[in-house]
Structure formats: structure tokens, C-alpha cells
Amino acid sequence: MNLFLEYQKKIFVSLKNLEKKKIIKIPSKIRNFTVELPPKDQRAGISCNAAMILARANNNSPTQLAEILKEHLLSNFIEFKSIEIAGPGFLNIYFHISFWRKYLTKIIQLNSKYGSNKMLKKKYNIEFVSANPTGPLHVGHCRGAVLGDTLSNLLIFNGNKVTREYYVNDYGGQIKNFVSSVYYRILEIIEDKTFPQDQNLYPGDYIIDIAKKIIKKKSIKNFSNFNKVYKQLSSESLKYSMQLISGNLNLLGVRHNNFVYESKLVDKKMVQKIVKKLQKKKYIYEGKLEAPKGKLIKDWKTRNQLLFKSTIFGDDIDRPLQKADGTWTYFAGDMAYHFHKISRKFNILINVLGADHAGYIKRIVSATRAISNNKVNLICKVSQLVKLFKNGEPFKMSKRSGDYVTVEDLIKEVGKDSTRFMMLSRSNDIELDFDFEKVTEKSKDNPVFYVQYAYARINSIFRLLKINLENKIKIDNKKFILNQHEIEILKKISEWPKCVELSSSKLEPHRIPFYLYELVTLFHSYWNLGKDNKEFRFVPENGILNNPRLVLLQALSIVIKNGMSILGVSTPRTM
RNA sequence: GCGCUCGUAGCUCAAUUGGAUAGAGCGUCUGGCUUCGGACCAGAAGGUUGAGGGUUCAACUCCUUUCGAGCGCACCA
């Protein structure tokens, strides 16, 4: 259903035939032959650059060659109504109305699958969020969560299999601090002991909630010895903190399929296994690291340690696997985790990381290449910082944690739909300004509203006409006419599969909000024409329905709905 | 010092991956609509794409130099 890819192939085949007749020459290395969307001021359906690319090989000017190609294509494709030669030699191709009618029929038939591309079906693993299970999610996590979830939706829409995965870092020093914090809160409650002033402890109120739950559950009777209760206390604390995080994710409409616990990988000796495996391949050795330059470290001690040779895969330095106390570094555990991913036979691994972890990418990509013998591709997407504003002023707020804005705060204030749409409206590798006021406005300033409003308007038309929008409307083949405005909308609709294709192949979902916004702009603008001129109204005064117009509306509603559901944003019927 | 990301209209951002006169929204200016076909619509002004050089029919896009911003740089995760 991708018009542009389809005609790129068809026109190329057609030109090959022309070559067989020795009318033109096509060089063996022809690269950037494309069929594209014409610029906005051009009314053609599609545009082809063949003449410009082939001009040199044919010893001809692009415009003269274009004349030859034009005649050929017109006689070859009955659906082409006319072709204009424009600019430096572009072929701007117009379709007959019957072509658009058939295209529209296909959209209605495909319905929720319209836009899905026939790509190679692959098995993806998308790891995202993976926040430490030591507290609620904040706004920074939020952007990554929405990005990962939407990428998953997008790839699934295109027929791929996707596992949404959360890596729970429940091993290491931070967890000990977290469990200690819960412990001291429990003592505070049951024995009235003051909570220690210690920077390593977590101060947030949620810790008190967790402490209360554990006391209430009564599975631990005696709290007097920390070491004795540690195992049980840690497992319960983690359970509650993961519940907290899942609840936060739920607010965002995000649900993971799989949670992998670091501690379990450590228990199963997965780290040792992968270390042995890589030692055999000579990717691991004992060596010394230089102190980093440009940064003063007081107590730097050069020591022998276990290192991974990530430099041979393009990393800046080799990376340590063991801490001074002999326990595994985070990286060692993550290596084991990626080994675990690879052993589950995914075609492509995707990690969504926050900006502050970007420096980690080379390391983990190197590790993945080493483990999989270069066979598995790991793609890392970085989501940049979110800056919060309220009425143009930088905004800081937190009722629960003291120093950052939580997902809960955000959703309470602006809602899931606005949050998701706004977070996705920027390329992920650019910083995002998020204004609380703007996203709650019901106006054109707020793109979510603008898109949802278009969908609600379409619904209101069908309500007035007493026609069910969910039922497929039959196209009246005999009386099929569309005016220029309607063809423009249909042309934009025909871009949808291309938008999906680009978004998913480049893993850039921000294209979808932009596309939807442009699409509904055409619709709102057309709607307003109906105010001045009753000829353009969807609900005719004489009661005679305009069938093609309604079919067009249905197609439009399909695209809005498909797009919004990829974004995970609702499409209410009334507003 | 090194690495990653970014630099486009006054502001916030796009740009079909090398294509046509670089496009939207906000803001500014002009005109229209005036309450459920409502919460807007039409139009105008606004640009040396941070700067210099290179590659080619064609560069915001690729290469190179340079300036600026953000993030990161053993034993945290």
C-alpha cells in the first residue's frame, strides 16, 4: 500500500523495458532513483526524478529526456492522467480519479491495517525504562518509557514480534542502601528510633509506605538484627518498589512483557559463564587502567583487574569487570544479561537509554558484538533531557521525593494522552521543553487536542447522519467525484504508509505526531470551507448524501485512529 | 583532554535520509467566523541552516576544520 515504493518499482521496470528497445540507457549502478511526494504547492500525486539521474548516461538534458519518459509512461500506465515536467526535470504524475477511488476502497478494506508495511518480519527485544527499583519513576524515565513503548507499537503494527523488557538492577550497592532505608524506617515506626542522617539512604516518603506495608504483612517477626532479616526484607522491599514502578508505568499506558532480574543472573552464575566464554575468545585479560585524563581523582590506585577488550570494537578504553572488593561491576552483569538476550534468539536488540547513559553505549554494543560473534545487532536509542516549564518558568515540583518531579505528579497534572503525544513530538535526540500549561490547553497550541478534535468532529458528522462510523461504507463507483480539496486530503492519507515505513526503519516515532498534525490541519481547514460555502459541507441540507466525501472521512478516521493507537493516545468520539 | 548528542525564522521544532522556491506552530501584523459545523479559518512579514573549506547535476543533510551548548568519562547503576 505504499504508493511511492510501489511506483518506484513499477516505473523502474517500465524504464527497463524502454532500455530493451534501445531508446534509453540505464547505467548498471543506478542509485538514488526515487518516486517521492511532490512539494506542497504541486498538485501531482507522485513525483519521479528518473530524467535527472539518467540524463548524463543518455547524453541529454534532463528536461529533454523527461519528454521522452513522459510519453512512454503515459502510454504505459493507464492510471496516469497526465505528467508535468517541473523544475530541473522532475516528472510530476497525476492520477485519474478512478485510481483514487480504488485506493480509497483499499483503505476501507484494510482498516486498522492500513499503513502496515510488508517488511521482513523480525523478532525484536526492546529494553526500556530499566530504572533502579529504589523509588518511583520521574519525568526523565517517562520519556524513555514512552519512546520504548511507542517503538514497540510501531514495530508490532508492521507485523514484527516484539518483547518489551525491563532489566531490574536488584544487585549491588544501591539496593543495599535502599533496603537499609526501609529497615531504618521500620525501626522508626515500631521502635521510635530516628532515621539516620546518611547521604546514602533514600529519604523519600514512599520508603515509609513500603515500611508500613512490610510491618502490616507480619512475615518478619523480629527486626533487631539487620543481617538476619536482610534476605527477606530485601525481597519484600523490592516487590513493593516494583509494584510502585509498574503502577507508574501503568499510568503512562506502558506494560512490559518481561522483567529480567539481575540478581537471578548473578545467582545462576551467568556472569562467570560469559566471562569464561569471552576469555576463550581472548576478549578478556588482566591488566591495568590509566587514570582518566582531565579529571582529578584523589585516591586513584592503579591495580590489576579483569578487563574486557572493548577497544577492538571501537570503544575508547577497555572496561573493568570487577570492583576492588571482587564483586562484579554493573557492566559485567549487563554483559551476562545481553548474553541472555542473545541466547533467546532475537534478530534485533534495542536499548532505550537516558542521555546520562549515552557514554555507556560503545561498551555494551562492543560486548554484544563480542558475545554474538557480530551476528546480533544492538541499537541504542538515547532519549534526551526533559525540561519542565509552567507558564514559561522552569518548574520543579515533587510532593513525594523532594528533588524531582515524578511520573505520578506529571500524569495527575496533564494526563496520559498529552504526556505521550508531547514526549513523542520531538526527535528523541533533542532536548525537550515541556510546558504544563500548554499541554492542558484546549486549543491549536496543543497538538494532541487538535488531532483528537478532528476525530471527534468526524464522529459528530456520522452521528448527525445516523451512520455507524465502524461499519465499512460502500463506495458508489458510478458517481465517484472528489474536488481538489478532497484529493489533497486523500494525497496526504496516501502518505501514511510511507510515514510508518520511515518511522519504523529509522526508529523515529516523532514523525507520526507531525504527520497527524499536518493531516488534520487539511481536514480542519476544509471543514471551515463548509462554513462559508454549503457546497463543502459533509451534512448536506437537501439530505442527499455525498458518498465519496463520507468514504474519504472514514478513511481519514482510520488513519487518525491507526496513528494515535501507535502513539498510545486515545481518540475520543466526543470532546 | 577524550567521547556522544545537538546548533535551522524573535521562540519551540520539522525537513520524505542527497532533491524542486528550507517548512509548521507560537509570537507579530492584516482580514474573516461569533458558540456544539464552538474551542477556529484565510493571508502577510520573518532565513547567509553557528562559521570556513571540500565532494556533485544538486548539500540543512556526506567529508574536513573551527566556534558554541548539553551529557558522560576506574572502583555508581
Side-chain angles (χ1 to χ4, degrees), chain A residues 4 31-32 34 36-42 47 49 52-53 55-56 61-62 86-90 92 130-132 134 167 169 171-175 177 262 288-295 297 299-303 305 307 315-317 319-320 322-325 327 329-331 333-334 354-362 380 382 384-385 392 425-433 435 438 441-447 449-450 453 456-457 460-461 464 495 498-499 501-502 505-506 508 510-511 513-515 517-518 521 524-532 534 537-539 574-575:
Chain A
F4 307 94
R31 276 178 53 239
N32 26 27
T34 55
E36 293 294 342
L37 181 79
K40 278 169 190 166
D41 52 336
Q42 303 285 330
S47 174
N49 67 350
M52 289 150 67
I53 289 177
R56 184 185 268 185
S61 77
F90 285 99
N92 286 340
S130 295
N132 285 348
T134 53
Y167 181 47
N169 305 126
Y171 171 86
Q174 293 303 323
I175 294 302
N177 294 339
E262 184 180 8
K288 285 172 184 166
L289 276 184
E290 295 290 315
K293 284 168 188 168
K295 196 186 173 189
I297 296 169
D299 49 353
W300 175 270
K301 280 178 204 154
T302 312
R303 63 178 173 88
Q305 52 187 344
L307 296 170
D315 199 0
D316 311 312
I317 53 166
R319 303 292 175 175
Q322 272 176 323
K323 302 178 200 170
D325 66 3
T327 58
T329 59
Y330 174 79
F331 176 55
D334 210 18
D356 52 342
H357 288 65
Y360 187 73
I361 294 174
K362 279 186 180 179
C380 293
V382 174
Q384 289 292 336
L385 229 68
S425 291
R426 297 278 177 274
S427 155
N428 56 276
D429 41 32
I430 209 159
E431 285 186 7
L432 173 75
D433 290 352
D435 196 307
K438 268 195 179 172
E441 259 174 44
K442 285 189 176 182
S443 75
K444 207 184 173 183
D445 289 18
N446 182 359
F449 167 77
Y450 197 60
Y453 186 39
R457 270 184 160 171
S460 91
I461 294 163
L464 275 171
E495 274 180 58
K498 189 183 171 68
C499 172
E501 200 271 324
L502 263 170
S505 63
K506 307 278 302 178
E508 290 176 352
H510 72 275
R511 291 162 187 278
F514 276 98
Y515 168 82
Y517 191 85
E518 284 167 14
T521 299
H524 285 306
S525 161
Y526 187 51
W527 174 284
N528 254 59
L529 280 181
K531 277 183 169 180
D532 300 335
K534 291 184 177 165
R537 293 178 73 124
F538 295 102
V539 181
T574 55
M575 295 184 74

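Just so we're on the same page: letters track the sequence lines, and every chain starts at 1.
Within 4.0 Å of A:Glu501, counting heavy atoms only, lies no atom of the nucleic acid at all. Across all strands shown, A:Pro38 has heavy atoms under 4.0 Å from base atoms, whether or not it also approaches the sugar-phosphate. Within 4.0 Å (heavy atoms only), A:His357 reaches at least one base atom of the nucleic acid. Contacts of A:Gly530 with the nucleic acid, taken as non-hydrogen atoms under 4.0 Å apart, include base atoms. Among the protein residues, A:Tyr330 comes within range of the nucleic acid bases, having at least one heavy atom under 4.0 Å from a base atom. When heavy atoms are screened at a 4.0 angstrom cut-off, A:Ala86 is found touching base atoms of the nucleic acid. Across all strands shown, A:Asn169 has heavy atoms under 4.0 Å from sugar-phosphate atoms exclusively, and none from any base. Across all strands shown, A:Phe331 has no heavy atoms under 4.0 Å from either base or sugar-phosphate atoms. Heavy atoms of A:Lys362 sit under 4.0 angstrom from primed sugar atoms or phosphate atoms, though from no base atom. A:Leu37 comes within contact range of at least one nucleobase, with a heavy-atom separation under 4.0 Å. Counting non-hydrogen atoms under 4.0 angstrom, A:Pro39 reaches a base of the nucleic acid. Among the atoms of the strands shown, none is found under 4.0 Å from any heavy atom of A:Phe4.
Residue-to-nucleotide contacts include a donor-acceptor pair under 3.5 Å from the side chain of A:Asn92 to the base of B:A20. Side-chain atoms of A:Ser427 stay outside donor-acceptor range of the base of B:A14, with no qualifying N/O pair under 3.5 Å.
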Using a cutoff of under 3.5 Å, can you pull out all pairs of nitrogen or oxygen atoms linking the protein to nucleotides 31-33 of chain B, with atom names and distances?
none

Strictly under 3.5 Å: I want the nitrogen or oxygen pairs between protein and nucleotides 9-12 of chain B, one per line.
| residue | atom | partner | partner atom | Å |
| --- | --- | --- | --- | --- |
| B:U12 | O2' | A:Arg426 | NH2 | 3.0 |

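Base pairing annotation: B:U35 forms no Watson-Crick or G-U wobble pair, as no partner gives both donor-acceptor distances under 3.5 Å. Across all strands shown, B:U16 remains unpaired; no Watson-Crick or G-U wobble contact has both distances below 3.5 Å. Across all strands shown, B:U55 forms no Watson-Crick or G-U wobble pair with both key distances under 3.5 Å. Partner assigned to B:A42 is B:U30, using Watson-Crick or G-U wobble distances below 3.5 angstrom. A 3.5 Å limit on both hydrogen-bonding distances identifies B:G70 as the Watson-Crick or G-U partner of B:C4. Base pairing annotation: B:C11 forms a Watson-Crick or G-U wobble pair with B:G25, both donor-acceptor distances under 3.5 Å.
Of the possible donor and acceptor atoms, one in the side chain of A:Asn428 sits under 3.5 Å from a partner among the backbone N and O of A:Val382.
OP1 and OP2 of B:U56 both lie 4.0 Å or more from every side-chain N or O belonging to A:Arg56. A:Tyr450 has no side-chain polar atom (N or O) that falls below the 4.0 Å cut-off from OP1 or OP2 of B:C26. Between A:His510 and the phosphate of B:A15, there is a side-chain N or O to OP1/OP2 separation shorter than 4.0 Å. In this model, the phosphate group of B:A74 is not approached by any side-chain N or O of A:Lys323 to a distance below 4.0 Å at OP1 or OP2. In this structure, A:Tyr453 reaches the B:A39 phosphate: one of its side-chain N or O atoms is under 4.0 Å from OP1 or OP2. The phosphate of B:G37 has neither OP1 nor OP2 within less than 4.0 Å of any side-chain N or O from A:Arg457. Contact check, A:Ser525 against B:A42: a side-chain N or O comes under 4.0 Å of OP1 or OP2.
Taking atom CZ of A:Arg537 as the reference point, atom P of B:C36 lies 12 Å away to the nearest angstrom. Regarding A:Glu36, its CD atom lies at a distance of 10 Å from the C1' atom of B:U17, rounded to whole Å. Going from atom CD1 of A:Ile430 over to atom P of B:C60 covers 18 Å, rounded to whole Å. Put simply, CD1 on A:Ile361 is 16 Å from C1' on B:C2, counting in whole angstrom units. One interatomic measurement links the two molecules: CG of A:Asp315 to C1' of B:C2, which rounds to 12 Å at whole-angstrom precision.
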Stepwise side-chain contact (heavy atoms from CB on, under 4.5 Å) test for A:Lys323 and A:Thr329 | CA-CA 6 Å; A:Lys323 302 178 200 170; A:Thr329 59; 4.0 Å; yes
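Using P as the reference atom, B:G25 and B:A44 are 12 Å apart when rounded to the nearest Å. Of the P atoms belonging to B:A58 and B:A42, the separation is 38 Å, rounded to the nearest Å. Going from the C1' atom of B:G19 to that of B:A45 covers 28 Å, rounded to whole Å. Rounded to whole Å, the P atom of B:A9 lies 15 Å from the corresponding atom of B:A15.
Under the 3.5 Å distance criterion, with hydrogens and angles disregarded, no donor-acceptor pair is assigned to the side chains of A:Gln174 and A:Asn132.
With distances taken from any side-chain atom of A:Asn132 to the nucleotides B:A77, B:A14, B:U17, the minimum falls on B:A77.
Residue side chain A:Phe90 meets the stacking definition with respect to B:A20: its ring centre sits within less than 5.5 angstrom of the base's six-membered ring centre, and the planes differ by less than 30 degrees.
Taken from NZ in A:Lys288 to CG in A:Leu307, the straight-line distance is 11.5 Å, to the nearest 0.5 Å.
Between A:Leu289 and A:Ala358, the one whose closest nucleotide on RNA chain B sits nearer the 5' end is A:Ala358.
With sequence neighbours excluded, no residue forms a side-chain hydrogen bond (donor to acceptor under 3.5 Å, both in side chains) with A:Asn528.
A:Lys498 has no carboxylate O lying under 4.0 Å from a charged side-chain N of A:Glu495, or vice versa, which leaves the two without a salt bridge.
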